[in-house]
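To start, the structure under review is shown below, and the notes come after it.
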2 protein chains.
Amino acid sequence: MAKDLAGLVESLISEASSEESTGRLRLPAERTLGASLDLSRGMLREQLATLELLGFIDRTQGRGTYLEAPDSGFIQLYFRLALRLGHISAAQFTQAREMLEIAVVEQAAVMATPAEVATLRSHIDRMVEATSRGDVDKAITADFDFHRGLFELVDNPIFNFLQDGLRDVLRDVVAERRRKALAVVETTSDFITDQVHYGITDALAKNDPDAARAAMRRHFDVWRAITDEP
Amino acid sequence: MAKDLAGLVESLISEASSEESTGRLRLPAERTLGASLDLSRGMLREQLATLELLGFIDRTQGRGTYLEAPDSGFIQLYFRLALRLGHISAAQFTQAREMLEIAVVEQAAVMATPAEVATLRSHIDRMVEATSRGDVDKAITADFDFHRGLFELVDNPIFNFLQDGLRDVLRDVVAERRRKALAVVETTSDFITDQVHYGITDALAKNDPDAARAAMRRHFDVWRAITDEP
DNA sequence: TCAGTACATTGGTTCAACCAATTAGGAGAT
DNA sequence: ATCTCCTAATTGGTTGAACCAATGTACTGA
């Protein structure tokens, strides 16, 4: 009956039954499901394996199979494979990240509340403080929190997943750039790649999309100017 | 040895051999590959099925398995499933599409050549002509060609795939909106949702990113104003 | 030289059996 | 009655062999 994933999912939806205790949608056992769909267990499992990788179902030995809300794990894997196999370059990932951040910060500026801006500022404070102590890992974490916070303001799963995926695939290059930047500047107190973040929150506080975009662009300009090879 | 997809891909890369005639990278036969990876054929096939769905390999009965450059087919499937399962809403897809188009047109304006702008203008010409004849399908095709052309200017596979996926999942809603728009306007000659496209190419011709973004935003504003329920 | 046929290769599919983790149920002790 | 522990049933995880079907190759003969 169901040869493709889309068709299979339609069947799964109709076969799923809500579980009282957890409220999650539980699928019939593989053997049962295969019989009702007229699919051999092997073929069914091949498709379920894919659905599990995509994050749409969760399977646990002995417990059962449940419909699930996907997380960004799969897109991270996809990006890593695409990079490894040479289908998407690091430069293209970087370009996508910058364009996404700029697009998102513009939208975030439209809808940012003072409380949300304050939270973002606290992330920058933590970053500046960590940088001044030379704690690169702490600074990177705070930096991630700040940028993630921007995406959470917009709250679109497509962008959130992309952000997570891009962050994962660019993790190494970002970390190395930041270490390089830390080595370049002399006085850590005015570490410019940290300070430029305040320009973004200032624009958000004024709910000024154009200024936010400009500030984010400047963030990347500074970043590149400091870390790129001459 | 290789339990996860990432590990499997590493093995595949080392096991792959370049084929003389086509130049494509050919993988060993499943039975051979399974033996050398210490994987049963069933487990290997389960993973290969996923890699095939993602577009990284191509399998044909009797011919063999080859490494392949992925297309957007998989992201289209992912979006359709996410929509069907209620994890991403149509509104979120629409928002993502608008934000992406605006971000891309800005970048396209930076790098557009006169020849490329002329090509884009020809798509709009075709769209206006088709609309004037009431040929909705032709107009939609020309519209798609125009927007796809913008993404091809930027030429980032991440955005191209996203564009393809969003287009696919929004195909029905877009088509219906356009039909509604066609029913709303009286004189087809100044069909405003077509005409507004020229504002975009004008900005591209001047290599003016800000104007391009404003024109694209206006494009969506007009679109929504005409087709949204009162 | 060409056409056709037989054979080998390769992916596609099924089935039965067994392993391992989890859960449900019942027996026994408190 | 309630709790604990052991057993059995349920369920996903894995294997191997066998067979089907599509493709490519090599051989045979006109």
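Order of the sequence lines sets the chain letters (A, B, ...), proteins ahead of strands, with each chain counted from 1.
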Seminar exercise, completed: 5'-most contact on DNA chain D (nearest-nucleotide basis), Thr65(A) vs Met43(B), goes to Thr65(A)
Interatomic distance where [atom1] belongs to [X] and [atom2] belongs to [N] [whole Å]:
X: Leu39(A); N: dC15(C); atom1: CG; atom2: P; value: 11 Å
X: Gln47(A); N: dG13(D); atom1: CD; atom2: C1'; value: 18 Å
X: Glu46(B); N: dG12(C); atom1: CD; atom2: P; value: 14 Å
X: Leu27(A); N: dG12(D); atom1: CG; atom2: P; value: 9 Å
X: Glu30(B); N: dC20(D); atom1: CD; atom2: C1'; value: 14 Å
X: Leu44(A); N: dG12(D); atom1: CG; atom2: P; value: 9 Å
X: Gln61(A); N: dT14(D); atom1: CD; atom2: P; value: 8 Å
X: Arg26(B); N: dT10(C); atom1: CZ; atom2: C1'; value: 8 Å

Seminar exercise, completed: Nearest-nucleotide check on DNA chain C, Gly62(B) vs Gly62(A); residue mapping nearer the 5' end is Gly62(B)
By nearest atom, which of the nucleotides [options] is closest to the [X] side chain?
X: Ser40(A); options: dT11(D), dG12(C), dC15(C); answer: dC15(C)
X: Arg41(A); options: dC19(C), dA17(C), dT10(C); answer: dA17(C)
X: Thr60(A); options: dT22(C), dT14(D), dG11(C); answer: dT22(C)

For this session: With heavy atoms under 4.0 Å as the rule, sort Gly64(A) into base, sugar-phosphate or nothing.
Result: sugar-phosphate
Exercise. Looking only at side-chain N and O atoms, does Arg63(B) come under 4.0 Å of OP1 or OP2 in dG24(D)?
Worked result: yes
For this session: Give a yes/no on whether any side-chain N or O of Arg45(A) is located under 4.0 angstrom from OP1 or OP2 of dG13(D).
Result: yes
Exercise. Can we say Glu98(B) and Arg224(B) salt-bridge, meaning some charged N sits less than 4.0 Å from an Asp/Glu carboxylate O?
Worked result: yes
Problem set entry | Ring centres under 6.0 angstrom apart (Phe74(B), Phe74(A)) | yes
Exercise. Less than 6.0 Å separating the ring centroids of Tyr78(A) and Phe56(B)?
Worked result: yes
For this session: Determine, step by step, whether Gln47(A) and Asp4(A) satisfy the side chain to side chain contact (heavy atoms under 4.5 Å, CB included) criterion, reporting the C-alpha distance in whole Å, the side-chain angles of both residues, the deciding distance to 0.1 Å, and the verdict.
Result: CA-CA 8 Å; Gln47(A) 309 221 53; Asp4(A) 54 335; 5.7 Å; no
For this session: Check whether the side chains of Asp143(A) and His197(A) place a donor and an acceptor atom closer than 3.5 Å, and report yes or no.
Result: yes
Exercise. Looking at dG16(D), does its base get a donor-acceptor pair with the side chain of Arg31(B) below 3.5 Å?
Worked result: no
